[in-house]
Structures are given as structure tokens and as C-alpha cells.
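Down below is the structure, laid out as C-alpha cells.
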Amino acid sequence: MHRLLAILAFYKPFVVWSLVVNALIGFLNPHLAPALITKLFLTVFAWYYVHETSQRRKLTFYKNLGISPIKLFSILFILDSVLTIIFLTVFKEFT
């Protein structure tokens, strides 16, 4: 449970950007497959950003908890994908 809470704490700064991207995807192309491919690209970009900048220190904390960077970002992708699917489903119903 502590690991899940730690992952959610890591995801917290990315939530606002994820919702902005969801809104843009919803307005431009509300289909599910392109949205998930876009989210995969953004997750890889977030990994690259964290890995190559001073944010790398955060990864050490998660390694000490027993969470590898691959596991961390794959769980973030799954969580973000679920939020995207829910958002796009609701968005399609009201447009």
C-alpha cells in the first residue's frame, strides 16, 4: 500500500498536464487508440525528462522503496490510460 501511495505522490505533478492533454485530445480526435499512443509517448518523454534532469534524485527514492523506474512509469502509464479512457468516454457522451 505504501508503494502505491508513493507512486501516486510521484504522479501528482503530472495530473494537471495529463488532464490538459486529455482535453486537447478530446477536442481534436476523441478516438481511443490515438489517445493511448499519445499517452505512451508522453510517458516515455516524462521518463526521459526525469532521467536526464536534476529530477533524477527522485528515482533514487523509489529505487530504495523497491520500485524500479520501468515499473514506476509503466504503472503511471496504466493509471493515466484508465483516466484517459474514462475522460474520453464521458467526453464522447456529452459531445
Q) Hey, quick one: are L36 and F41 part of the same hydrophobic cluster, counting side-chain heavy atoms closer than 4.5 Å, chains of contacts allowed? A) yes
Q. Out of curiosity, does F61 fall in the hydrophobic cluster containing L8 (side-chain heavy atoms, cut-off under 4.5 Å, transitive links)?
A. yes
Q: Say whether L72 and L42 are linked into one hydrophobic cluster, either directly or through other cluster members, by side-chain heavy-atom distances under 4.5 angstrom.
A: no
Q: Using the test ring pair (Phe, Tyr, Trp, His ring centres under 6.0 Å), find all partners of F27 that sit at least two apart in sequence or belong to another chain.
A: F91
Q) Can you name the nearest heavy-atom pair linking W47 to P69, along with the distance? A) NE1-CB, 4.3 Å
Q) Is the side chain of R3 donor-acceptor paired with the backbone N or O of L65 at a distance under 3.5 Å, no angle test? A) yes
Q: Determine which pairs satisfy salt bridge (Lys or Arg N to Asp or Glu O under 4.0 Å) with at least one residue from residues 11-31, sequence neighbours left out, and list them in order.
A: none
Q) Do F87 and V21 come close enough that some side-chain heavy atom pair is under 4.5 Å? A) no
Q) Is there a path from L32 to I86 through hydrophobic residues (I, L, V, M, F, W, Y) whose side chains come within less than 4.5 Å of each other? A) no
Q.
According to salt bridge (Lys or Arg N to Asp or Glu O under 4.0 Å), does anything in residues 50-59 pair up with another residue at least two apart or in another chain? List the pairs.
A. none
Q: Sequence neighbours left out, what passes ring pair (Phe, Tyr, Trp, His ring centres under 6.0 Å) with Y49? Give chain and number order.
A: none
Cut-off 3.5 Å, no hydrogens considered: what does the side-chain donor-acceptor table look like for residues 74-84, sequence neighbours left out?
unit_1, atom_1, unit_2, atom_2, d
S74, OG, I70, O, 3.0
S74, OG, K71, O, 2.9
D80, OD1, Y11, OH, 2.7
D80, OD1, S18, OG, 2.4
D80, OD2, K39, NZ, 3.4
S81, OG, F77, O, 2.7
T84, OG1, N22, OD1, 3.1
T84, OG1, D80, O, 2.8

Q: With sequence neighbours excluded, give me every salt bridge (Lys or Arg N to Asp or Glu O under 4.0 Å) pair touching residues 16-29.
A: none
**Q.** Heavy-atom closest contact (L88 atom, A35 atom, distance)
**A.** CD1-CB, 3.5 Å
Q) Should we say atom NZ of K63 is surrounded by more than 12 heavy atoms from elsewhere, each under 6.0 Å from it? A) no
Q | Between CG on residue L40 and OG1 on residue T43, distance to nearest 0.5 Å | A | 6.0 Å
(Q) Is the ring pair F10/F14 parallel, tilted or perpendicular, if the boundaries are 30 and 60 degrees? (A) tilted
Q. Are I85 and W17 connected in a single hydrophobic cluster, I mean Ile/Leu/Val/Met/Phe/Trp/Tyr linked by side-chain heavy atoms less than 4.5 Å apart?
A. no
